[in-house]
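See below for the structure under consideration.
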Number of protein chains: 2
Amino acid sequence: MTDGYHHGNLRAAVLKRAAEVIEEEGPHSFSLRSLAADLGVSHTAPRHHFGSREGVLNAIATEGFLILAERLRDNREAGGDFLETGVEYVRFAVDHPAHFQVMFTPTLLNARDPELAAARTAAFDELVTGADTVAEAAGDEPAAVVGGWSIVHGIATLALTGNLDSSGVRSLFGDADLIDITRRSAGLLFASPSPRE
Amino acid sequence: MTDGYHHGNLRAAVLKRAAEVIEEEGPHSFSLRSLAADLGVSHTAPRHHFGSREGVLNAIATEGFLILAERLRDNREAGGDFLETGVEYVRFAVDHPAHFQVMFTPTLLNARDPELAAARTAAFDELVTGADTVAEAAGDEPAAVVGGWSIVHGIATLALTGNLDSSGVRSLFGDADLIDITRRSAGLLFASPSPRE
DNA sequence: GGTGGAAAGTTGCCAGTGTAAAGATTATGG
DNA sequence: CCATAATCTTTACACTGGCAACTTTCCACC
């Protein structure tokens, strides 16, 4: 379908390239014009698919929430407990660092986008559902939900921003990868020993 | 000292105004030119104090790490335990949301700035020192350090980005403020009942 | 098989931004 | 009193996002 004039699949190409750029340089320095140049199209071509720069970021966030919701659902249906839900959360952040960053930076997004709102709600509902299975045992159910979410969100955020490394804390774990670190750290929250396979 | 030509205290005024703007609209949309216009100086005046836009952000991050290190040290010297260290961490994020955001977004910063590196190291050392006091009791010391830091960092990040509200999770706590939520949630990590005063 | 929209992409323009060099103004130490 | 440094301004340039008008291609319909 690429005829020299029409790109063929510009929307998907923009999302893919945008995620690469954001992963490398952060969302603030991502430019529609240099993105279009990378893809060999004019600087206004992406506007026909996304409307604006904010539209691209909204699309990335929406895509991210949909992927996260799907992963959490798959994990729940496969019988994964709450700790495994948290591990899956961190794994998503590692696999899709650009999406994760954009999803949780609301100043980059248009909160009134209904598609984004729906995708976010789906992911958050799945997260809280996963928490309910263990929250009753913790004595303080709301605290268990916030604690579980916060600890894995904190691990993901600190790891992605490099602060786990620059603080020297990561080296305390030797050569353990981030998933192992997550199991050991988040495992403390509910005093359930971390399963290692 | 304000003589109509020289501002008198431009450096401090820029830092103050920049923090306000970043708190309201995020660091990506903070502009040196509109900042200078707000302060009634030419758009290049801040460059003589900070060198570049990145220089302003570095200065904010440095200031933030110094304030955080001071707070954590004061808390430790006042006999605060590790939970109280975490509460102080969240309190800092609430009191200085712009600083917190910039401090933990390394793509905004120049990592080779020695002043920034020194301030960051001071804050992180203080944080790990606070963790050591309780980590031995947790069985897995590195996991306790990462777990404690991550849970309060996660709470602060999710709260500042509005995700605790938009997910509906915060309403589970009624009208409790974020500090109470922190005590209850982070308190679960070490199975020590949360003190309420 | 034309034909008339609709979709996709391009060109040209404007306002706003960060950075840089060079000049103007004021403070300060000898 | 004067030279020098610090501070601030002016002017200029390259880059960015958004907008309007135009061109090319696709597609559905008669």
Side-chain angles (χ1 to χ4, degrees), chain A residues 1-22 24-61 98 102 105-110 112-113, chain B residues 1-22 24-61 98 102 105-110 112-113:
Chain A
M1 189 167 180
T2 305
D3 52 22
Y5 193 92
H6 290 90
H7 177 279
N9 202 2
L10 184 57
R11 186 188 155 88
V14 166
L15 290 179
K16 179 167 178 282
R17 179 63 188 149
E20 292 172 3
V21 173
I22 292 171
E24 291 166 9
E25 305 169 29
H28 59 283
S29 73
F30 133 75
S31 134
L32 277 183
R33 284 178 111 102
S34 75
L35 187 69
D38 291 346
L39 300 178
V41 295
S42 76
H43 62 274
T44 55
R47 273 181 57 83
H48 289 271
H49 297 274
F50 300 98
S52 67
R53 185 190 131 105
E54 192 183 63
V56 177
L57 295 169
N58 263 48
I60 290 176
V102 175
T105 309
T107 53
L108 296 173
L109 305 172
N110 175 13
R112 285 175 299 187
D113 180 343
Chain B
M1 189 168 179
T2 303
D3 50 24
Y5 193 94
H6 291 89
H7 177 279
N9 201 1
L10 185 56
R11 185 186 156 89
V14 166
L15 290 179
K16 178 166 178 284
R17 179 65 188 149
E20 292 172 2
V21 173
I22 291 171
E24 289 166 10
E25 306 169 29
H28 59 282
S29 73
F30 134 75
S31 135
L32 277 182
R33 283 178 111 104
S34 75
L35 187 68
D38 290 346
L39 300 178
V41 296
S42 77
H43 63 275
T44 55
R47 275 179 55 82
H48 288 270
H49 295 275
F50 301 99
S52 68
R53 183 188 133 105
E54 193 182 62
V56 177
L57 295 170
N58 262 51
I60 290 176
V102 174
T105 309
T107 53
L108 296 173
L109 305 172
N110 175 13
R112 284 175 300 187
D113 180 344

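Computed over heavy atoms, backbone and side chain alike; hydrogens, waters and symmetry mates excluded. Everything quoted here is computed from the prediction, not taken from an experiment. So you know, we letter chains A, B, ... as the sequences are listed, proteins then strands, and number each from 1.
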For this session: Using atom CG of A:N9 as one end and atom C1' of C:dA8 as the other, report the distance to the nearest whole Å.
Result: 13 Å

Exercise. Under the side-chain hydrogen bond (donor to acceptor under 3.5 Å, both in side chains) test, which residues partner B:R47, sequence neighbours left out?
Worked result: none

Problem set entry | side-chain hydrogen bond (donor to acceptor under 3.5 Å, both in side chains) against A:S31, all qualifying residues, sequence neighbours excluded | A:S34

Problem set entry | Nucleotide C:dG9, atom P - distance to CZ of A:R11 in whole Å | 13 Å

Exercise. A:H43: what forms a side-chain hydrogen bond (donor to acceptor under 3.5 Å, both in side chains) with it, not counting sequence neighbours?
Worked result: A:R33

Exercise. Which nucleotide in the list D:dC8, C:dG12, C:dG9 gets nearest to the side chain of A:L10?
Worked result: C:dG9

Exercise. Taking atom P of C:dT19 as reference, at what distance in whole Å does atom CG of B:L35 sit?
Worked result: 13 Å

Between the protein and nucleotides 14-17 of chain D, are there any N/O to N/O pairs under 3.5 Å, and if so, what are the atom names and distances?
unit_1	atom_1	unit_2	atom_2	d
D:dG17	OP1	A:L32	N	2.7
D:dG17	OP2	A:L32	N	3.0
D:dG17	OP2	A:R33	N	2.9
D:dG17	N7	A:R33	NH1	2.4
D:dG17	O6	A:R33	NH1	3.0

Exercise. Rounded to the nearest Å, what distance is computed from the CZ atom of residue A:R47 to the C1' atom of nucleotide C:dA7?
Worked result: 15 Å

For this session: Report the C-alpha separation of B:V14 and B:H49 in whole Å, then their side-chain angles, then the decisive distance to 0.1 Å, and conclude whether the side-chain contact (heavy atoms from CB on, under 4.5 Å) test is met.
Result: CA-CA 9 Å; B:V14 166; B:H49 295 275; over 6 Å; no

For this session: Identify, between A:A45 and B:H48, the residue whose nearest nucleotide on DNA chain C lies closer to the 5' end.
Result: A:A45

For this session: Using whole Å, report how far NE2 of B:H28 lies from C1' of C:dG16.
Result: 15 Å

Seminar exercise, completed: Whole-Å distance, B:F50 CZ to C:dG18 C1', equals 16 Å

For this session: Compare side-chain N and O positions of A:H49 against OP1 and OP2 of C:dA7 and report whether any pair is under 4.0 Å apart.
Result: no

Problem set entry | Pairwise salt bridge (charged side-chain N to carboxylate O under 4.0 Å, His left out) hits with a residue in residues 11-21 of chain A, at least two apart | A:K16-A:E20, A:R17-A:E20, A:R17-A:D38

Exercise. Quick one: side-chain contact (heavy atoms from CB on, under 4.5 Å) partners of B:N110, sequence neighbours excluded?
Worked result: B:E54, B:N58, B:R112

